[in-house]
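Beneath this line is the structure, given in structure tokens, with notes to follow.
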2 protein chains.
Amino acid sequence: MNDRKQHVINTAHKLFVEKGFQATSIQDILDYSSISKGTFYNYFSSKNELLMAIFRVIQKKFEHERNELLIGKDPSDIEVFIKQMELQVKTNRASNLIPLYEEVLFLNDSELKKFISDFQLRMLRWVYERFHEIFGESMKPYLLDAAIMFTAIFHHNLKYERMANSLKSNPERVVRYSVNRLLALMKNVGETGEQLLPPELLDDWSPSCHKKDKTYQEKLTLEIMSLKKESMNRPDTVKYIELLDFILEELLQPNNKRNFVVESALSTLEEHFGKAKLQPLRSYLK
Amino acid sequence: MNDRKQHVINTAHKLFVEKGFQATSIQDILDYSSISKGTFYNYFSSKNELLMAIFRVIQKKFEHERNELLIGKDPSDIEVFIKQMELQVKTNRASNLIPLYEEVLFLNDSELKKFISDFQLRMLRWVYERFHEIFGESMKPYLLDAAIMFTAIFHHNLKYERMANSLKSNPERVVRYSVNRLLALMKNVGETGEQLLPPELLDDWSPSCHKKDKTYQEKLTLEIMSLKKESMNRPDTVKYIELLDFILEELLQPNNKRNFVVESALSTLEEHFGKAKLQPLRSYLK
DNA sequence: CATATATTATACCGTCAGTACAAAAAATGC
DNA sequence: GCATTTTTTGTACTGACGGTATAATATATG
């Protein structure tokens, strides 16, 4: 990405955080980043497009850092999940994302709306997958409910705890409290067997292109799972598991699929597993 | 309220629901309600003021219906609470409030923001008070946490259940599922004794004017409680309890305090309790 | 040095919320 | 029924907004 363009993104981000998205005019951005209107519309086709660019940058950085937390750790260890949630708070607070997200979600711009709600669903799916690793296959029927409720509790607790202790806010405490409640809820639904929403819904909600063949995801997930098992009890297990998860996540995302990154991950894995074992996975790249 | 003004409120509400708040121009409202711009700005000082007027109307009607559900019922019976939550869903869906609320909450108009967040806090407080009646004094330390988490779970579950079953959405099921989770959480925090936020915070958050004397609320609540006890085991108990709760709620709200309604409720109560017993309560009216 | 690309300045469009104000209409008081 | 006040109307206006158009200028590239 162009340095200049990146600079515009940065200043715009600052302005949006300070004044809000709608309250920041294009002229403001022009003034503060010292570019002309022509250049702006050469970079971004609209104000909304700029906003999405901002989101994408932060999002990519966050997801990368989030995956780094898994390196060398047991993915079923809930303490890792806690660390990841703490990172989320840190990222959100640092770049003041949440108010921006929510301002935009109800902005009557369908493109922007879809962008944000896709992101939220992606986040939900990620929580779901993590719960799958943490709580295991037996709890699967309750994991979508759990992901929804945990997200809800977590965000609300954060909001009100911040309202209460604005200066001395303690996000770590909120994370731990929320996770403890999650554990209680999991125990409870496991015992009562109550299910609100079946986890298969996540596939229906997954953005566009894979909707038709649900088996695509299933096959892919199974493929990844088997490779994960394969890599157990070998050296560098966690590193490879993380790579596999990364590939899964990347391939499941229809938009902005970054094939070249997957390609590189695949070749790393080939050194470990041998080319033959990776062949089926490679076929998903086409 | 003026008939004409009410008519503008109604048509504007319809338009906001159809097209969204920001996407509806003043001109639209003028055309559809057949008034001139001059008249509009005679009624409402701004578009935002109109929106607040819409909210107030619906809110008042909802709170009235919600209190009616308590008539003749035991306030500690959770089934009553469930019915009230179902009413909330019904009201919100009927007038499509939630999208409007959320659109507005991030609109960079501080007045509007305060209005909405005051309303949300009021709602939170109401849930807290109801939990107090349902779970009793012993659970008090956990009731603010519970109110926050229940609200969060409830709204999120509603959202995603609707996303899943758009046409055949079943709010009653969501209410019951959410309440069951609430019960599990209450049991859990009762056992572990974990508290995130002390319920006294609600007083700090209560809009403006009573912040200074926290004892005001305490005294008032005690006064009401003792009168409630007084009315037990008399004919029409529930009716009087409802009246007392209504007065409490009304007096705790600093803005738009409708003294004349409280006045009328008080005189009804005086017929029951005698003038002397009501004297202390009456002093809060000044 | 010549060509292509990126950037600038400026004028412009339609839309919006909100204001100003004089004329007309309606309600009110006597 | 008439005079005064209040409400309503129509219209023209303001300033800000997002976005477009374009010709001139600067910068990079081969």
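Just so it is clear: chains get the letters A, B, ... in the order the sequence lines come, proteins before strands, and each one is counted from 1.
- Seen from the ring of A:Trp205, A:Arg125 does not count as a face-on cation partner, given the 6.0 Å and 45° thresholds.
- Here the OH atom belonging to A:Tyr32 is positioned 13.0 Å from the CG atom belonging to A:Leu30, to the nearest 0.5 angstrom.
- In this structure, the side chains of B:Met123 and B:Thr151 stay at 4.5 Å or more apart for every pair of heavy atoms.
- Ion pairing of B:Lys90 with B:Glu86 is absent here, as no side-chain N (NZ or NE/NH1/NH2) approaches a carboxylate O to less than 4.0 Å.
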Letter per nucleotide, 5' to 3', of nucleotides 8-26 of chain D [B base touched, S only sugar-phosphate touched, - untouched; heavy atoms, 4.0 Å]: SB-------SSBB------

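- B:Glu161 places a side-chain N or O within 3.5 Å of a backbone atom of B:Asn170 that can act as its donor or acceptor partner.
- Chain A approaches DNA chain C over the interval C:dT7 to C:dT8, counting the first and last nucleotide 5' to 3' with an atom under 4.0 Å from its heavy atoms.
- Ring centroids of A:Phe44 and A:Phe40 are separated by less than 6.0 Å, placing the two rings close together.
- Because its NZ or CZ atom is both nearer than 6.0 Å to the ring centre of A:Phe21 and within 45° of the ring axis, A:Lys47 counts as a cation-pi partner of that residue.
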